[in-house]
Amino acid sequence: MGKNISKAIIWFVIHAIAFFVLTWVLLGMGPLETYNKIASRVISLKNGTITATNSVAKTAGSMGRVANHHLNEANDRINGKDPYQDYNSTLDANVRQGINQ
């Protein structure tokens, strides 16, 4: 097991060195500049992930509220309440106000 871990570490180090050398030769970026760009990209991705996570949580909360609203409407229908009763009452009150003015 220890032999496999040491092989994996050596393999990783060799590939990392090859990556830095290739970016230096092909792109003209020094190792420190390459490291800084990678680090800043990882940090921005992490912040983007946090933003995305907050967005997903907000959407999930909205979905929960909508689901509860639909369940309440379904419960009202089961108990015999007209689903448009509140809307009609509001509309009738607005019409009465318009007539009285």
Side-chain angles (χ1 to χ4, degrees):
M1 172 114 176
K3 194 174 187 180
N4 290 337
I5 291 175
S6 64
K7 281 184 182 180
I9 291 172
I10 291 170
W11 179 85
F12 177 75
V13 169
I14 290 171
H15 281 82
I17 290 170
F19 173 76
F20 282 109
V21 168
L22 284 174
T23 56
W24 198 349
V25 170
L26 297 176
L27 301 176
M29 293 171 38
L32 186 59
E33 185 181 359
T34 304
Y35 172 78
N36 289 335
K37 282 198 173 205
I38 291 171
S40 67
R41 178 72 53 96
V42 168
I43 290 170
S44 69
L45 288 175
K46 180 182 174 190
N47 291 339
T49 303
I50 291 170
T51 304
T53 303
N54 291 343
S55 177
V56 168
K58 183 178 177 183
T59 302
S62 297
M63 290 173 66
R65 284 189 295 280
V66 169
N68 281 335
H69 176 72
H70 288 299
L71 287 172
N72 289 336
E73 282 185 341
N75 191 30
D76 288 345
R77 285 188 199 115
I78 289 170
N79 292 328
K81 180 181 174 189
D82 179 13
Y84 298 103
Q85 179 180 350
D86 295 334
Y87 175 75
N88 289 336
S89 299
T90 304
L91 187 62
D92 290 344
N94 289 341
V95 170
R96 280 190 211 108
Q97 282 181 350
I99 292 173
N100 293 333
Q101 291 179 350

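- Put simply, the side chain of Asn36 gets close to the backbone of Leu32: a donor and an acceptor are under 3.5 Å apart.
- Of all the heavy atoms in Tyr35 and Phe20, the pair that sits closest is N-CE2, 4.0 Å.
- Legend: residues meeting side chain to side chain contact (heavy atoms under 4.5 Å, CB included) with Val13, ordered by chain and number and at least two apart, are Ile9, Ile17.
- Under the side chain to side chain contact (heavy atoms under 4.5 Å, CB included) criterion, Phe19 pairs with Thr23, Thr34, Ile38, sequence neighbours left out.
- Atom NE2 of His69 and atom CG of Leu71 lie 10.5 Å apart (nearest 0.5 Å).
- For Glu73, the salt bridge (Lys or Arg N to Asp or Glu O under 4.0 Å) criterion is met by Arg77, not counting sequence neighbours.
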